[in-house]
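By convention in this document, chain letters (A, B, ...) are assigned in the order of the sequence lines, proteins followed by strands, and residues within each chain are numbered from 1.
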Protein chains: 2
Amino acid sequence: MQPGGTNRQVDRGRRVGVDKTDIKQAGLKVTLPRVKILEILEASGKGEGPRHLRAEDVYRRLLERGEEIGLATVYRVLTQFVEAGLVCRHNFEGGQSVFELDRGAHHDHLVCMKCGQVVEFMDEAIESRQEAIAAEHGFTLEDHTLVIHGFCPSCQAPG
Amino acid sequence: MQPGGTNRQVDRGRRVGVDKTDIKQAGLKVTLPRVKILEILEASGKGEGPRHLRAEDVYRRLLERGEEIGLATVYRVLTQFVEAGLVCRHNFEGGQSVFELDRGAHHDHLVCMKCGQVVEFMDEAIESRQEAIAAEHGFTLEDHTLVIHGFCPSCQAPG
DNA sequence: CAAAAAGATGCAAAAGCTTCCCATTTTATT
DNA sequence: AATAAAATGGGAAGCTTTTGCATCTTTTTG
């Protein structure tokens, strides 16, 4: 549910950070696993590795921090966060989902086919054409997925 | 590898049909499983159900036609056909891949979130913006995935 | 056209990701 | 503090997809 939706950040504009309050407002109890997972997501993309993490990555980082949180819990919590609009889930190729904190601003992705680097972008022209296309076909537009696959500057280098 | 590529139909323009010749030209032996799978794909979207089939769907249709072809073979053959440029694979949400005959014309998809109906579309404006975006970020554009999720006309109906 | 070589198939087992079950523990409520 | 409600952890289970390997087909060669 990228465009539209009924969650906080969409109503109040850009989100700057998330905390326990967001968990509570989502109707979820404030538990240690939830707080820690939110911390991991918040740290990602801010110098602490890539912004987009697979459930497995979140799980590993928790272990590294000494938090013994079960993988099943990670999956459950991430799903709940997505439903609450705190987190975005993307299904890139390969059958795995990646998660990132929802900063309130919709964006699409450019993914390097070699190193996996992910670059975000947003293009108004593309966004509005999509609305027009959905309308032309009588569809409502609830969400969309746009991923451009190519080779990033480094991976095009000779050698 | 939707845009570009080195396969027949891209070189010769729109494909009208496929046959054993295509299998041979792909460097694959002309075997019964391959021929039958190609037939299933060709029949799809031409009145015979939806054009986009999961491996499991192809397998089931083969069984219905009395062909005892293993599921593993279906997966193997579909993958080979994709590599040969005869078939396109799309990774819609849900972790499952769907396949369709490559008719040589690139297109994107509109998928109904309720009934799963798939509508194809093609928009030049979106295509060219994507090239511009990839270029802006120094990426080469090898391929892309654009899926618009919404509710089709029937699924928006009251009740 | 038969024999040999190369490649494909089928089945079952294995993988990889994600969800489900349920007894136990934690959080929120009264 | 006691009670009710919800969440967790660990493993089993579910799905889709891939792999290993003996057997069978297709293609090549003589």
*asked:* If we check side-chain contact (heavy atoms from CB on, under 4.5 Å) with B:Arg34, which of these qualifies: B:Lys20, B:Gln80, B:Lys24?
replied: B:Gln80

*Matching residue for B:Phe99 among B:Arg51, B:His52, B:Arg89 - test: side-chain contact (heavy atoms from CB on, under 4.5 Å)*: B:Arg89

*asked:* By nearest heavy atom, map B:Val30 and B:Thr79 onto DNA chain D; which one lands nearer the 5' end?
replied: B:Thr79

*Please examine the side chains of A:Leu78 and A:Tyr59, heavy atoms only from C-beta on, and report whether any two atoms are closer than 4.5 Å.*
no

_For B:Cys112 versus B:Cys155, what's the shortest heavy-atom pair and its separation?_
SG-SG, 3.7 Å

*Of all nucleotides in DNA chain D with an atom under 4.0 Å from a non-hydrogen atom of chain A, which is the first and which the last going 5' to 3'?*
D:dA5 to D:dG11

*Among residues two or more places apart or on two chains, list those pairs meeting salt bridge (charged side-chain N to carboxylate O under 4.0 Å, His left out) that have a residue in residues 128-140 of chain A.*
A:Arg129-B:Asp123

According to a 4.5 Å side-chain heavy-atom criterion applied to Ile, Leu, Val, Met, Phe, Trp and Tyr, with indirect links allowed, do [X] and [Y] form part of one hydrophobic cluster?
X        : Y        : answer
B:Ile23  : B:Val58  : yes
B:Ile133 : B:Met122 : no
A:Leu101 : A:Phe92  : no
B:Leu71  : B:Leu53  : yes

_Side chains of A:Arg76 and A:Thr79: any donor to acceptor distance under 3.5 Å?_
no

*Would you mind checking if A:Arg61 and A:Glu64 are paired as a salt bridge, meaning a charged N to carboxylate O distance below 4.0 Å?*
no

*Give one of base, sugar-phosphate or nothing for A:Glu68, where a contact means two heavy atoms less than 4.0 Å apart.*
sugar-phosphate

*Give A:Thr73 one of three labels, base, sugar-phosphate or nothing, depending on what nucleic acid heavy atoms sit under 4.0 Å from its own.*
base

*Toss me the dot-bracket line for DNA chain D: Watson-Crick and G-U wobble, both under 3.5 Å, 5' to 3', using | for pairs to another strand and [ ] for crossers.*
||||||||||||||||||||||||||||||

*Describe, in one word, how the ring planes of B:His106 and B:His144 are oriented to each other, choosing from parallel (under 30°), tilted (30 to 60°) and perpendicular (over 60°).*
perpendicular

*Return the 5'-most residue of the pair A:Ser97, A:Thr31 with respect to DNA chain C, ranking by each residue's nearest nucleotide.*
A:Ser97

*DNA chain D contacts among residues 32-41 of chain B, heavy-atom distance under 4.0 Å*: none

*First and last nucleotide of DNA chain C touching chain A, 5' to 3', heavy-atom cut-off 4.0 Å?*
C:dC17 to C:dA28

_Restricting to salt bridge (charged side-chain N to carboxylate O under 4.0 Å, His left out), what partner residues turn up for B:Arg54, sequence neighbours left out?_
B:Asp57

